Amino acid sequence: MVEIVLALLAGAALTAGPLLWSARRAAGTARAATRRATEADNRAQGAEARARTAETRAREGEEHARSADARAHAAEARHTLAEARLAAAVREFTHLAHERLPAAATALTHPRTPVPGPLDTTGGNEELHRALDAVLGAALRAALAERERTDAAARAALRGAASKIQALLIQVRSLLEEIQLSVDDPRLLALDFRNELTLRRVQSLAVLSGSWPGMTREDSPLAELCVGAQSRVAGYARIEITNHLREPRLAVAARAAEPVAIALAEILGNATAYSHPETRVVVAIEQGSSGALVVVDDMGVGMEPDQLERAGDLLDGQAEVLLTELGDPPQAGFAVIGLLCRQFGFGCRVEPSPYGGVRAILRLPADLLTLTDPAAPLSALAPRPITQGAPVFDAGDALPTRKRRTPRVPQQDAPSPRTQRQDAPSPLPAPAGTTPDRARSAWSALQSGTAAGRSAADQPASPQGPAAPEGVETP
């Protein structure tokens with residue numbers, strides 16, 4: 001029995017061996033499969049992780065692409081804005097160069113000239129506007145500095161030239177005085193008159209250049225100064241002077257006598273130059289409670305309101321006077337008068353004249369006025385004061401009535417510049433058909449009249465004032 005069992009066990013062992021081997025092989029195969037499954041699972045997990053990483057990277061790439069696209073759009077917008085700002089800046093600088101700078105340069109001389117502003121006034125380019133204003137201010141400062149330097153150089157050159165020319169003209173005057181004492185030739189008067197006209201021009205240039213006019217005087221009667229200014233004007237024959245002074249010996253102090261004469265000559269020169277040669281220039285000498293006035297009226301073309309305003313600024317000293325901006329030929333009359341007014345304390349203004357032209361009023365304050373010595377003779381050619389007629393009472397009238405009298409301006413003989421420097425010279429043109437005998441006769445008559453005038457001036461003055469020269473009626 002045992003043997004059978006052993007046999008059965010042996011058979012079973014023989015049968016179980018292959019089975020065991022197969023089982024072990026199956027177990028190895030199962031383990032290998034399990035490992036491969038595990039590895040596959042791990043690879044799947046790794047692939048899934050890589051897929052998730054790739055997806056994340058893809059999303060990040062999309063975000064980066066969107067961000068890059070936004071940056072590209074922003075850069076394009078900034079580029080477009082920069083181009084617009086550049087174009088606006090170019091337009092503003094072009095406007096600055098062609099419109100604003102020339103207008104600002106003109107406004108330096110004519111302050112009322114409008115200066116345009118920037119093209120874009122919306123306020124979006126504050127930095128550009130500040131830069132443009134800085135450029136404009138720097139250019140104007142440079143222009144002002146250059147203008148002052150140029151004007152100073154011009155004044156220095158003009159001052160030196162005027163002093164030399166003035167010295168030569170004074171020498172010519174002295175030489176003419178010597179010649180007139182020994183030669184009776186009417187042409188000497190014309191030559192002397194032209195010398196005086198030239199000297200007046202040089203005196204104006206000297207005033208503009210900042211130097212002294214070059215002549216000194218004693219206290220001079222105001223009426224004689226007016227006649228002296230008349231003698232310095234080419235159209236002196238058209239000037240009618242009326243003396244309304246209460247005090248015939250009212251005079252201008254020595255320190256201001258020559259400047260007042262120069263200013264009056266400039267006023268009379270303007271009045272005769274800008275009026276018809278057949279019209280009169282009316283001059284009235286008035287005496288007020290605080291000074292004296294010389295009123296000059298012409299019947300010329302007049303002045304526009306802006307011209308009157310500009311002249312008023314020059315006369316008041318409010319406008320800057322530059323030699324380089326007086327025009328060509330220079331319009332220096334009002335500038336010269338304004339400079340003299342500021343330096344010596346008298347005043348002048350212009351306004352429309354009731355005669356249709358321009359009225360110039362020269363005002364002399366009391367501190368510039370004085371009285372000459374009663375023993376000193378007045379010029380025979382100076383206009384005598386016009387006295388007012390006294391009221392006349394009629395017997396049968398209850399109220400006083402004034403007897404009308406027409407004031408008559410004294411007729412002035414042909415003056416001789418050598419008799420007195422301020423006196424008006426003889427007419428320039430010689431009459432048609434003049435012969436040497438006629439010229440000699442006219443010259444002798446002129447000398448006789450001058451001697452008679454001097455004799456009359458040397459006589460004692462009457463209570464109503466100095467005696468009028470022979471042949472001149474008094475009102």
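What you see is a predicted model, and the numbers here were worked out from it, not measured in a lab.
- Residues A292 and L222 share a closest heavy-atom pair of CB-CD2, 3.8 Å.
- A distance of 12.5 Å separates CD1 in I239 from CZ in R280, rounded to the nearest 0.5 Å.
- Partners of F344 under the ring-ring contact (aromatic ring centres under 6.0 Å, His included) rule, at least two apart in sequence or in another chain, are W212.
- Contact of the L199 side chain with the R232 side chain is not registered, since no non-hydrogen atoms from C-beta on lie closer than 4.5 Å.
- L168 is linked by a side chain to side chain contact (heavy atoms under 4.5 Å, CB included) to Q171, counting only residues two or more places apart in sequence or in another chain.
- Counting only distance, with no hydrogens or angles, the side chain of N42 and the backbone of T38 share a donor-acceptor pair below 3.5 Å.
- Residues R130 and E127 meet the side-chain proximity criterion, which asks for heavy atoms closer than 4.5 Å.
- Side-chain contact between D298 and Y274 is absent, with no heavy atoms from C-beta onward closer than 4.5 Å.
- Among residues at least two apart or in separate chains, there is no ring pair (Phe, Tyr, Trp, His ring centres under 6.0 Å) pair with a member in residues 72-99.
- The two residues A271 and S275 make their nearest non-hydrogen contact at O-OG, 2.6 Å.
- Not one N or O on the side chain of T150 forms a donor-acceptor pair closer than 3.5 Å with the backbone of R147.
- A229 and A261 make their closest contact through CB-O, 3.7 Å (heavy atoms, listed as atom of the first residue, atom of the second, distance).
- Side-chain atoms of Q287 come within 3.5 Å of backbone N or O of E247 as a donor-acceptor pair.
- Using a 4.0 Å cut-off between charged side-chain N and carboxylate O, E62 and R59 make no salt bridge.
- With hydrogens and angles ignored, the 3.5 Å screen pairs a side-chain donor or acceptor of D219 with a backbone N or O of A254.
- Closest approach of P383 to N243, counting heavy atoms only: O-ND2, 2.9 Å.
- Within the structure, salt bridge (Lys or Arg N to Asp or Glu O under 4.0 Å) pairs that include any residue of residues 348-363 comprise D297-R359, R349-E351 (at least two apart or interchain).
- Applying the side chain to side chain contact (heavy atoms under 4.5 Å, CB included) criterion to R187, with sequence neighbours excluded, gives D185.
- The closest donor-acceptor contact from the side chain of R238 to the backbone of T272 lies under 3.5 Å.
- Here L86 contributes atom CG and E83 contributes atom CD; the two are 8.0 Å apart, rounded to the nearest 0.5 Å.
- Across all their heavy atoms, R342 and L314 have their closest contact at NH1-O, 4.0 Å.
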Task: From CA spacing to verdict: salt bridge (charged side-chain N to carboxylate O under 4.0 Å, His left out), E48, R52 - done: CA-CA 6 Å; E48 185 178 358; R52 287 196 296 271; 3.0 Å; yes

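- Proximity of a side-chain donor or acceptor of S67 to a complementary backbone N or O of E63 within less than 3.5 Å is not detected.
- At least one donor-acceptor pair under 3.5 Å links the side chain of E92 to the backbone N or O of L119.
- Scanning for salt bridge (Lys or Arg N to Asp or Glu O under 4.0 Å) contacts around R71 gives an empty result, with sequence neighbours left out.
- Across every non-hydrogen atom of A103 and P114, the tightest pair is CB-O, 3.7 Å.
- Between the side chains of S204 and E266, at least one donor N or O lies within less than 3.5 Å of an accepting N or O.
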